[in-house]
There are 2 protein chains.
Amino acid sequence: MHFLRPLVGVIPGMQTNCLKQGETMFVNSNAHPGSKPKASGQLGELSRARVILSEFKYNKGTEIFGEAEPAEYIYQVADGAVRTHKLLSDGRRQIGAFHLAGDIFGLENGATHRFTAEAIVDTTVRLMKRCSLEHVAETNALVALDLLNMTTRNLRHAEDHMLLLGRKTSLERVAAFLLEMDPRLTAAGVMALPMSRRDIADYLGLTLETVSRALSHLHGMGILGFLGQTQRQIVLLDRMRLAELDL
Amino acid sequence: MHFLRPLVGVIPGMQTNCLKQGETMFVNSNAHPGSKPKASGQLGELSRARVILSEFKYNKGTEIFGEAEPAEYIYQVADGAVRTHKLLSDGRRQIGAFHLAGDIFGLENGATHRFTAEAIVDTTVRLMKRCSLEHVAETNALVALDLLNMTTRNLRHAEDHMLLLGRKTSLERVAAFLLEMDPRLTAAGVMALPMSRRDIADYLGLTLETVSRALSHLHGMGILGFLGQTQRQIVLLDRMRLAELDL
DNA sequence: CGGAGACCTTGATACAGATCAAAGCCTCGG
DNA sequence: CCGAGGCTTTGATCTGTATCAAGGTCTCCG
């Protein structure tokens, strides 16, 4: 599927020249007209200064961009889910974040990506060409502030995750994970996880067996339930006790 | 020592009103005339828009600011060393970063600090009042870009540290620590660590005993030597082999 | 509908690093 | 110079999580 990756100037019908700020092109930033409101507005001023070039679809498991590749685009998840990770030379993997509908990812200040991004399920993303973002930000303080706010959000998450990875037990990590995903994924009382146990493990610095045992343990405690046929549909039954487990 | 903390408007001789950008007051941003060149320039445009209010001295072990406190100032280490950390409710500690001469710390986009900062040794810092930094950044894109660049540096460090905390072995972590501190601390071939084994452990997500054993192991391998009387003066004897240990 | 493969759970065992313990060393004040 | 206290090392043991292993379940596709 490598030929599906967008490369500068090779995608048929892709608009390659950027609009200058001011001559804006309005783009509806919601996935569907009825989608969650949080998806809108995250781009802030950026959505007026930059133009969304196109939507692009990635099949489950395919790479969206690789670590150390030049950062040509900024991405927003329209539908689906994305994981970003770093690898050690022997294959150990650390997932830095999960990106769900509405989330921005792949934003870089420097020239290259610092993570590899992959689609967890079939995923549609919106692409924005960077068009020397630094240059636009030099003249438009509001654009620069938007970039700063997004970067700060990422930094805050990374700082909290350092505490989790450095000092929390396996049960605390899994509890924290569920509490993090709950508001982002739960619809109609059910949390439908798009990612595998291995993905969760690589996000939490554990093995997949330990994640599975922790979930079973929480199940046994009556804190969560599994829905129907699959182990990826979780119902949180006691958020209070779950929160007490995450110190 | 709590009374030593700077509070708005209570420090005798402290200049409380900010200069507007443009009416700049030049402040030498180097610690001493002969100090390392990297200390200068880190503030970028910010050094012209903001004014350095004063220097302030903290004794070894004292708190500079606390987590969740309002962020009134930005700090730069003039001399000494600072650690920033988060605590869990039961006292487990994760150090997010060490800040040495020239480093900026305590920069927040939001209203409050996300870490506690403490002086590791007797430390002199320069304080800059924020003076609603957001407001200045709204009008001056270059200031906003400086903030973005500093935040991006912090983010890159946090991302790399997540990989270390989530997936590296104790020996790899200690090797990475030495390689990180080497260019920042080594002078005349000797690395003089200001921080204790416990600080290093809380930075690397280990115990102080494990850090000590890893250092002894590296010593036994001939990769490093301890200088004279103290265990905090380290000489790196084989950076090549040390780098090979950090995957 | 049936079979292959991916994913998940559960159990047994191993091990890296934590914990507990004690002794050596350095620092600094008196 | 001496002694108390903090820091570091080193050893013995423990334990949380990894690893190894096996079986179960779901998905997808022919």
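Each chain gets a letter, A, B and so on, in the order its sequence line appears, and its residues count up from 1.
- Rounding to whole angstrom units, CD of residue A:Q233 and P of D:dC26 are separated by 12 Å.
- Whole-Å rounding puts the A:N59 CG to D:dC28 P distance at 13 Å.
- Here the closest heavy-atom approach between residue B:L224 and residue B:H219 is recorded as O-CD2, 3.2 Å.
- When all heavy atoms of B:M162 and A:G96 are compared, the closest pair comes out as CE-CA, 4.2 Å.
- For the pair B:R232 CZ and D:dT9 P, the interatomic distance rounds to 10 Å; values are reported in whole Å.
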Give the intermediate values and the outcome of side chain to side chain donor-acceptor pair (under 3.5 Å) for residues B:E180 and B:H157.
-> CA-CA 11 Å; B:E180 180 188 354; B:H157 179 266; 3.1 Å; yes
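- Ion pairing of A:D79 with A:K57 is absent here, as no side-chain N (NZ or NE/NH1/NH2) approaches a carboxylate O to less than 4.0 Å.
- A side-chain donor-acceptor contact under 3.5 Å links A:Q76 to the backbone of A:G102.
- Atom CZ of residue B:R232 and atom CE of residue B:M195 lie 9.0 Å apart, to the nearest 0.5 angstrom.
- Non-hydrogen atoms lying under 4.0 Å from DNA chain C are contributed by B:G205, B:L206, B:T207, all within residues 195-208 of chain B.
- Between A:F177 and A:F98, the ring-plane angle classifies as perpendicular under the 30° and 60° cut-offs.
- Atom CE of B:M191 is separated from atom CE of B:M181 by 9.0 Å, given to the nearest 0.5 angstrom.
- Residue B:R156 holds its CZ atom at 5.0 Å from CZ of A:R114, rounded to the nearest 0.5 Å.
- Phosphate contact (OP1/OP2 of D:dA18, side-chain N/O of A:T210, threshold under 4.0 Å): present.
- The base of C:dG11 lies close enough to the side chain of A:R213 for a donor and an acceptor atom to sit less than 3.5 Å apart.
- Between the P atom of C:dC7 and the CG atom of A:L215 lies a distance of 17 Å, rounded to the nearest Å.
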Take nucleotides 22-28 of chain C nucleotide by nucleotide from the 5' end and write B, S or -, depending on whether a protein heavy atom sits under 4.0 Å from the base, only from the sugar-phosphate, or from neither.
-> ----S--
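- Listed in residue order, the members of residues 158-178 of chain A having a heavy atom less than 4.0 Å from DNA chain D are A:T169, A:S170.
- OP1 or OP2 of D:dT10 has not a single side-chain nitrogen or oxygen of B:S212 nearer than 4.0 Å.
- We find that CZ of B:F226 is positioned 10 Å from P of D:dT8, with the value rounded to whole Å.
- Atom CG of B:L193 and atom P of D:dC7 are 15 Å apart (whole Å).
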Step-by-step side-chain contact (heavy atoms from CB on, under 4.5 Å) determination, A:R197 to A:L215 | CA-CA 10 Å; A:R197 299 291 188 260; A:L215 289 171; 3.5 Å; yes
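- If you take CD of B:E209 and P of D:dG11, they are 14 Å apart, rounded to a whole angstrom.
- A salt bridge is defined here as a Lys NZ or Arg NE, NH1 or NH2 lying under 4.0 Å from an Asp or Glu carboxylate O, and A:R83 with A:D202 fails to meet this definition.
- With rounding to whole Å, A:R92 atom CZ is found 10 Å from D:dT19 atom P.
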